[in-house]
Each structure stands twice: as C-alpha cells, then as structure tokens.
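Read through the structure below, which is laid out as structure tokens, and then see the notes.
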Amino acid sequence: MAIDYQERIPNNVHLSENRTLQRALEQWQPHFLDWWKELGPSDFQTADVYLRTATSVDAKGWATYGTVKMPDYRWGIFLADPQEGRTIGFGDEYGKPVWQQVPGEHRSTLRRLIVTQGDTEPASVEQQRMLGHTCPSLYDLRNLFQVNVEEGRHLWAMVYLLHAYFGRDGREEAEELLHRHSGDRDHPRILGTFNEPVTDWLSFFMFTYFTDRDGKFQLKSLAESGFDPLARTCQFMLTEEAHHMFVGETGIGRVVKRTLEVMKELGTDDPASIRKAGAIDLPTVQRYLNFWFSSSLDLFGSEASSNAAAYFATGLKGRPDEAQYQDHVCKDATFDLEEPDGKGGIEHETIPLRNAMNEVVRTAYVKDCEIGVKRWNRIIQKAGHAAELALPSPHFRRSIGVWAGAPVDPQGKLVSREEHERRRAEWLPSEADRAFVRSLMQKVTAPGKMAAWIAPPERGINNLPVDYEYVHLS
Ligand SMILES: [Fe+2]
Ligand SMILES: [Fe+2]
C-alpha cells in the first residue's frame, strides 16, 4: 500500500475516507509540532538534514533519502499490509480471527499498553534533545536526528491507534502524551528509565543499543497482538527501530576501536594514560554498559506477573516470534524461577509459564544483546588484546522484580551489602567517570572530521562517503 504524501498527514490507512478521524488528527498535528519545536532537538530546526522517509511499507519504498529541515519532516501513519485470514497466534483465543476493532472487555488494558509504549517514543526525543550541541561528527549528528524524527513518528503511530479506536478517552490520552515530559517533576514520563536525561554520546550509544532494543522486544510482542491494527503498526515500526540499534552497536564499536588505537600508540592499557590522550578506557565503557543494560532489563517488568499472564491469555501481547514455539496456549506449562531466598542464597520456584512471560521476553532480549558484545570483543581481539567486554548478570543492579535491591555482583554472585557498596565504583560509572566522559563532548562539525574519542564509521549513510555533509548547519 503506497503512502499518500499529498495529504496533510501522510498515511496508508485511507485517512481521507474518515473525515472525523482526519479532522481530529489534524487538530492534534499542530500540538505535536509545538511539542517538537519546544522539546525536540535543541536548535538545529533550520538545519538541512539528510534523512530517510518512508514512501511505502514494502522493502523498496520504506527508506527514501532526502534533505529536509526537521520541522518539515513528513511524520505520518504507516501500517504494515494486512495479512489475509490472520488468526490470533497464542493464548485462550488461539486460532480465532484477529480483531479489527477493540473488544469491549479488553478496551482499558489495550489502551494502557498503547499509551505505555507511546509514552516512551517522545520521551527519548526529550532525553536526547541537548546532544546535538556536542556531536562527535556530522555523520553522528544526522543519525541522532534520524532516530529522533522516527521516535516522533512512533508517537504518531500510537496516537493514530488511540484516535481511531478509543474514541474520546483515546483523544485525551493523545493529548497527555504531549503533556508528560521526560524528567518533569509534576508530569513525568511513565517509565523510570525515560526520565533520565541522556547528556553524553557514550550514553546515547548505550541507550540506542540497550534501551531501543527493549523497544524492539516490546514491539515484537505487540506485533503478535490479536488486535490487528496494533500488530500491523508495530510490524512497521520494527523496520525503523533496526537503524536505532545499528547506531548504538556501531557507535560503541567505534568508541572501542578508537580506544584500541590510542592503547597501541601509547603502548599501555592504563586508564589514566588513555584518558589523558582523550579516549575512553575500556573499564569505563564496561561500567556504562553495566548501567544501561541493567536499567533496560527493568523495563520488562517483574519475573512473575499476573498482568503478563493476562495479556498472554487474552491474546493482547504475545512472545516475540511466537511462531518459533510449539505450545501457543501454555495453559499448564511451568517455568523455573530463580530468586534470592533472603538469607544470602538462591532458591527455585515453579510458576505458571503464563506468569513468567516477562522473563521469557527478557531472556530473548539478553540473548540478542550478546550479539553486539561479541562483535565488540572481536574488535578487541583483532587488535591483539586479552580484554573483554561482557554483559553483567541479569540479576545485577535490578530495581524491579525478585532481584530488586539484591546485592549481586556483575558476575551474578550474591555478596554482602558492605562489599556491594564498597565496590560500586568498580561496577558503575562514578561521578568522576561521568565528568570525564562529559569533558570529551565537544562539537565537531567539519564534514568527515571525528572527535578524538571515536573512530570514523566504516561507511556513510546510503552509500554516501563518510565525509558527506549530512547536516548543513547555516
Ligand atoms: Fe521507537
Ligand atoms: Fe527507537
């Protein structure tokens, strides 16, 4: 289905055939633009940015590149094509036709799921709004803005569902999505992680690698939903999300590569010497990784969750790639849950599999996170070093679930509270680490030039050279 760009709101959902809905969304549109100008990227609104826009949802048309000023970006409503005869793939309704309208009994739960997902999209734009001032290169600046405009479009995706399927409450929720702000004391974003500002580029790369990947897994779960419009919306969002994680993976890889170059030049792996030379030592990279991985794990929720069981049973939210499983109903299946026994040891509890769905998704997420770590380690190995980056144990530094607050070291071992407190600076970025990383953040905007703490990318965007002027500033 081609996207109609003649419309004020580009879409592939025949918006012009539903005048009431079209008018409602056209009323929301200026509010969105006001939000973008106020809380989107600080400055740069008049810069010409080389961005991709979807022109259709198939493989050919979804990434069309051109130069655009961000406020003129064509945010719109794009759903993956419908699948003829699609049936619900899991839970008690397994095998029945998917819903094209919201079933009355699931209305408030579905609205909550959509609002929670929708809230993270503008939140991340707000968190990252100051980063443009310290970009390590024009290539990176462009990638930041690409991520930002697409998160803005993901907000559109959720707002469309709220307007189209949830009547008046949906319209009110759509307004609220613009009224809550990341870090706002009175109206914060719904999820904790999305209220922390992302003030340096190492954090940005960690965020796009780990936190956008949480987004990927949430979207994959919702792409299985029995509510077909939600499933189709999320399927298309996933194509865009892939680039965000690419930015994170290659960003961290380039930081590591540059650090290794400096280690070679200096002939040492001494963190202080590496820092003096303007690069980020690997132990610091590891501490940032520990921080962002653990905070992203919390986004999946408690290991044992009656909400997760209900979402699965009712067909609202499935498992990523549900088709890979044998049993789609999971009525009597159980899950072995590992938890602290409160006496310094570990105990096992058998819980219904449906209640463990958050943990099932989290486990798939952890596996996906490992792929990048392996790639970064290959870069280190190739440079002839024995050092390795590693994901900390999923029990490390958790704030939600059975491991919340447990004194666990990055290897997953329960340690004493005293040791846990004492070794904190070994495991997590200290104020001094953060201050050092911030001190490196200086804006570099000559085409092709890179900040000293990061290596250039292997290739540019859309086959253009790395030194292409991806953002024209004046
Ligand atoms: Fe997103
Ligand atoms: Fe994203």
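All ligand and atom numbering here is 1-based and tracks the order in the structure.
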Should Arg378 and Glu388 be marked as a salt bridge (charged side-chain N to carboxylate O under 4.0 Å, His left out) after you check the CA-CA gap, both sets of side-chain angles, and the distance that decides it?
-> CA-CA 9 Å; Arg378 256 203 304 276; Glu388 266 190 3; over 6 Å; no
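- Residues Arg107 and Asp169 are paired through a salt bridge, judged by an N-O separation under 4.0 Å between the basic side chain and the carboxylate.
- The Fe ion (ligand 2) lies closest to atom OD1 when only the N/O/S atoms of Asp212 are considered.
- Note on Glu241: counted as a metal contact of the Fe ion (ligand 2), an N/O/S atom lying under 2.8 Å.
- Taking the ring axis of Phe78 as reference, the NZ or CZ atom of Arg153 does not stay both within 45° of it and closer than 6.0 Å to the ring centre.
- Metal site remark for the Fe ion (ligand 1): Glu121 contributes an N, O or S atom at a distance under 2.8 Å.
- Using a 3.5 Å distance cut-off with no hydrogens or angles, the side chains of Gln146 and His243 do not pair a donor with an acceptor.
- Between Glu126 and Arg129 there is no salt bridge, since no side-chain nitrogen of the basic residue lies less than 4.0 Å from a carboxylate oxygen of the acidic one.
- The Fe ion (ligand 1) lies closest to atom ND1 when only the N/O/S atoms of His154 are considered.
- Here Glu151 reaches the Fe ion (ligand 1): one of its N/O/S atoms is less than 2.8 Å from the metal.
- The nearest N, O or S atom of His244 is not closer to the Fe ion (ligand 1) than 2.8 Å.
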